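Let me begin by presenting the structure, written as structure tokens, before commenting on it.
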Amino acid sequence: MIGQTQKPIEEVLGFLDGKEKVVLVGCGGCATVFHTGGEPEVKEMADILTKRGKNVLAAVVVPFGEFTCYAPWSKERLKPYRQQIEDCDAILMLSCGDGLQVVRELILEGEYSLVKPIYPTTNPIGHMGGGPSLFREKCQQCGECLLGQYAGICPMTQCAKGLLNGPCGGAKNGKCEQEPEHDCAWVLIYERLKKLGELDKIKEFVPPKDYSKMKRPRSLEVTPLVL
Ligand code: SF4
Ligand code: SF4
């Protein structure tokens with residue numbers, strides 16, 4: 001999921017300086033889980049904007065389980081609000097940056113041929129897993145997964161130095177020398193390999209990663225889902 005926090009309301013209001021008519025778009029995916037763009041947050045934002053003198057033409061929430069970053073879903077859910085989108089002065093996206101840019105590129109500019117200001121209300125902070133309350137970054141999507149080598153613990157992400165061949169030797173009492181509040185990833189890898197009876201793997205040299213696989217922006221082509 002894309003972890004995200006809400007922007008301060010004054011920053012959001014700053015985007016709307018000189019703009020009166022607004023459309024809000026929330027997301028039924030990560031933004032709902034992180035309480036930045038589900039139904040309650042969209043309603044709250046609509047109330048705040050109305051009190052601040054804005055005219056909220058529509059407050060749309062892509063339903064729970066659907067994501068604004070998946071263009072077929074957001075196209076379908078925004079379809080009934082096309083007129084409001086054409087009439088508004090600005091769109092506020094209560095979603096991550098993926099959702100905003102998919103709506104901007106594939107729906108506004110692509111399908112509607114519309115150049116319209118569109119602004120974020122969240123600060124996305126990256127892919128993370130866990131829940132229901134605590135989420136942690138687990139994977140940097142390096143394009144060449146080595147979890148099979150490391151007993152299911154990613155040193156690129158969990159080790160402060162991102163060591164592929166560890167440990168660095170600085171751990172104290174199982175804690176990282178750079179970030180003492182965190183467990184040393186390499187102690188965790190060692191302990192787990194030991195339990196799995198795969199300790200030999202820790203002696204295998206892992207060559208440097210092919211960072212060209214992390215070159216941005218990345219893209220993928222797949223067979224479209226039949227919905
Ligand atoms: S090695 Fe780590 S960063 Fe790379 S794909 Fe696997 S979990 Fe993600
Ligand atoms: S102490 Fe462990 S987690 Fe911290 S930098 Fe060294 S090897 Fe990585």
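This is a predicted model, so every value here is computed, not measured. Start at 1 and go down the list; that is how both ligands and their atoms are numbered.
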Worksheet item: Where do C184 and K175 land on the side-chain contact (heavy atoms from CB on, under 4.5 Å) test, with the steps shown first?
Response: CA-CA 5 Å; C184 167; K175 298 292 181 187; over 6 Å; no
Is any NZ, NE, NH1 or NH2 atom of the basic residue among [X] and [Y] found under 4.0 Å from an Asp or Glu carboxylate oxygen of the other?
X    : Y   : answer
D47  : K43 : yes
K21  : D87 : no
E111 : K75 : yes

Discussion item. Taking only non-hydrogen atoms of E177, do any sit less than 4.0 angstrom from ligand 2?
Written reply: yes
Worksheet item: Strictly under 4.0 Å, does any heavy atom of A185 approach an atom of ligand 2?
Response: yes
Worksheet item: Out of C139, C145, G162, who gets a non-hydrogen atom closest to atom 6 (Fe) of ligand 1?
Response: C145
Item to complete: Report the member of P155, C159, G170 with the shortest heavy-atom distance to atom 8 (Fe) of ligand 2.
Response: C159
Among all protein heavy atoms, pick out the one at the shortest distance from [atom]; state its residue, atom name and that distance to 0.1 Å.
atom                    : result
atom 1 (S) of ligand 1  : L146 N, 3.3 Å
atom 4 (Fe) of ligand 1 : C142 SG, 2.3 Å
atom 7 (S) of ligand 2  : C168 N, 3.3 Å
atom 2 (Fe) of ligand 1 : C154 SG, 2.3 Å
atom 3 (S) of ligand 1  : Q140 N, 3.1 Å

Fill in: S74 backbone acceptor or donor facing E66 side chain under 3.5 Å
no
Discussion item. So does S95 get a backbone contact from the side chain of T122, meaning a donor-acceptor N/O pair under 3.5 Å?
Written reply: yes
Practice prompt. For Q6 and E41, test the side chains for any donor-to-acceptor distance below 3.5 angstrom and give the result as yes or no.
Written response: no
Item to complete: Ignoring hydrogens and angles, state whether a donor on the side chain of K7 or N123 is under 3.5 Å from an acceptor on the partner side chain.
Response: yes
Worksheet item: Short check: any N/O/S atom of C184 below 2.8 Å from atom 2 (Fe) of ligand 2?
Response: yes
Item to complete: Mark up the atoms of ligand 1 that fall under 4.0 Å of a heavy atom belonging to Q141, in ascending order.
Response: 3 (S), 8 (Fe)
Worksheet, complete the sentence: If we number the atoms of ligand 2 from 1 as shown, the ones under 4.0 Å from a heavy atom of W186 are 7 (S)
